[in-house]
Protein chains: 2
Amino acid sequence: METIETKSWTSDMVVVDLERAIHEHRLPPGTKLGEDELSEAYGISRTIVRAALLALSHRHLVELKRNRGAYVAQPSIREAREVFEARALLEPRTAHSAALRMTDKNLALLQANIRDEHAALDAGESGRALFLSGQFHVEIARIADQSTIEIFISQLISRSSLIIALYWRRRAALCETQAHHALLDAFARKDGGAAEQLMKSHLLDLVTSLDLRNVSEPPTSLRDALNR
Amino acid sequence: METIETKSWTSDMVVVDLERAIHEHRLPPGTKLGEDELSEAYGISRTIVRAALLALSHRHLVELKRNRGAYVAQPSIREAREVFEARALLEPRTAHSAALRMTDKNLALLQANIRDEHAALDAGESGRALFLSGQFHVEIARIADQSTIEIFISQLISRSSLIIALYWRRRAALCETQAHHALLDAFARKDGGAAEQLMKSHLLDLVTSLDLRNVSEPPTSLRDALNR
DNA sequence: CAACACAATTTTGTATACAATATTGTTGAT
DNA sequence: ATCAACAATATTGTATACAAAATTGTGTTG
C-alpha cells in the first residue's frame, strides 16, 4: 500500500477502498488488517481506520477478533450456502422488476458493464472483471429502484466474492458473461418472467460451480483453525 | 436515562439497549442522541458511544448528520414501502422453510411469544408488545436456520417499528396476534405452503394498515424539514 | 426595533496518550 | 534439549485532549 497525501481520507472512502480491494481479491480472505499498518498507509489516525473496520465487519467482509485484530473474513461453507440462499430469494424477483422498468439508458449501462468486464478479462485483470461481474447484479437492483434491497444485494455480492476466493472450482470464467448476455436480452425485451427465470438459474449455476462439500474446510489461517 | 454503575457497558451492549428502546418506541423517531448525554447515561466514554451509534446507523435505525449529531431515524414513505417490499421477498419463503423444520420445542417458543405479547398488551405495555410481535418474525427466521436471512429480517423488523411509529393508522392491535395465531396453526401442521401464504397476507395486511400516501410528509423534526 | 456581524458556547471530529491484553522472546531448572 | 515461568514487545481497547464546525447569544448600527 502506498500513502497518498493529496487528499485526506474519510472513513467512508477507506471503507469503499478496502471493500473494492477485497472484492477484487487483492486482499485475500484471512489477510490481517493491522490498525497501525492501515493508518500509516492512508495517512490517517487509527480512529478513522477503526470506524472503517467496524463498518466492514457489519457488512461481514471483515472479522474482528477481540484483542487480536481485524482479518478479511473467511466465510464458512455454511455461510456460503446461506448467502446464495438469500440471493436466490432477492435477486430473481428484483430482476423481474428491473425488466419491467428497463429504459434504453439503463440497458446501455448494463451493456457497458459487460463490455468492460470482457476488456478486463482480455487485459488479464481478473480481479477487476470479478468486481464488474458483481456490479452487474447491483446495477439491476438499482434499476429496479429498490435501494433497500440494493444494499442487501450489494452486501451479498461482496461476500460472494470472498466465497468465490475460497471455494471456486471451475476455471471457466466465460459462463459468467454468457449468463449476463442472456439476461441482457430478456431486459431488452422487457420480459420480466424470462429475466426472473434466467437470474434464478444463473444463481443456481454459480452455486454448483462452487465446492461446498463439508469435507476439507480450508485451514487457510494457520494456528487459528487448530488451537481454537 | 439513569447511570448504572454495576457493570461497564460494551459497545455491543449499548447497541442492543438502544435498539430495543427504539423498537419499543421509548425513543421516538427524530430523537436526538447526543454523545455526551449517552456517555454520561451509560458511564462510558464517547468512544464507545460513537461505535454504538455507528453500528446503529449501519442498521438504518439512526441517522448521522455530519457535525450535527445522531438522531433516531425517520424513514421516508419511500423507504417504508421498500422495507415492506424486502420483507415480502424474504419472509414468506422463510416461513415456508421454518414450517418444514418445525419442532415441538420451537413451537412452544413461538407460543410463549404470543402469550407474552398478550400479557404485555393487558398490562398496557404496548411498547413491549410491539417488540415481542417483531421477535415473532425474527424467531421464524431462526427456526428456518438461516442466520444470514435472519439478520436481514431482524434489521427490517426494527425499521418497521420506526415506520409504525410514523405512519400507523389503525388502532386495532389484535389483528396482529390473530395473524400470528393462524401462522402458529400452520406451523403446528408443518404446512409450509399455508405458512408461506399466511405470512404473505400478514405482511400485506401490515402495509395496508399504514398511511403511506405521498401527501403530508410529517415534518416532525422542526427546522430540518424546512431549511434543507 | 430589525438585521447583521461577531463573540461565546456547545457539540461533533480527529488525533494521541495511556491501559489492557495477547504475542513473542529469553532465561533457567530439570 | 524440553518445558515452564517470566520478561519484553507489539497490538488492540479506551479515555481524553484538542481542533473544527455549528449553534446560540450579544451587541452594534441603521
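Quick note on labels: first sequence line is chain A, next is B, and so on, each numbered from 1.
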Legend entry - Rounded distance (Å) that lies between atom P of C:dT24 and atom CG of A:Asn67: 14 Å
Legend entry - Parallel, tilted or perpendicular: ring planes of A:His202 versus A:His180, cut at 30 and 60 degrees: perpendicular
Inset, instruction - Give the rounded distance in Å between these two atoms: CG of A:Asp12 and P of C:dT14. - result: 10 Å
Legend entry - Any A:Lys32 side-chain nitrogen or oxygen under 4.0 Å from OP1 or OP2 of D:dT12: yes
Legend entry - Nearest-Å distance for atom pair CZ/P, residues A:Arg46 and D:dT14: 11 Å
Legend entry - Side-chain N,O (A:Arg68) to OP1/OP2 (C:dA20) below 4.0 Å: no
Inset, instruction - Identify the two heavy atoms, one from A:Ser147 and one from B:Glu82, that lie closest to each other, and give their separation to 0.1 Å. - result: OG-OE1, 2.7 Å
Legend entry - side-chain N/O B:Arg66 vs C:dT14 OP1/OP2, d < 4.0 Å: yes
Inset, instruction - Report the distance from atom OH of B:Tyr42 to atom P of D:dA15, rounded to the nearest whole Å. - result: 15 Å
Legend entry - Whole-Å distance separating the CH2 atom of A:Trp9 from the P atom of C:dA15: 15 Å
Legend entry - side-chain N/O A:Thr47 vs C:dT14 OP1/OP2, d < 4.0 Å: no
Inset, instruction - Measure across A:Ser160 and A:Phe84 and return the closest heavy-atom pair with its distance rounded to 0.1 Å. - result: OG-CZ, 3.9 Å
Legend entry - Salt bridge A:Arg26-A:Asp17, side-chain N to carboxylate O under 4.0 Å: no
Inset, instruction - Using atom CD of A:Glu35 as one end and atom P of C:dT21 as the other, report the distance to the nearest whole Å. - result: 16 Å
Inset, instruction - Take the protein atom CG of A:Asp36 and the nucleotide atom C1' of C:dC18, then report the distance between them rounded to whole Å. - result: 14 Å
Legend entry - Below 4.0 Å: OP1/OP2 of D:dT23 and any side-chain N or O of B:Lys65: no
Inset, instruction - Please report, rounded to the nearest Å, how far the C1' atom of D:dT12 is from the CD atom of A:Glu37. - result: 14 Å
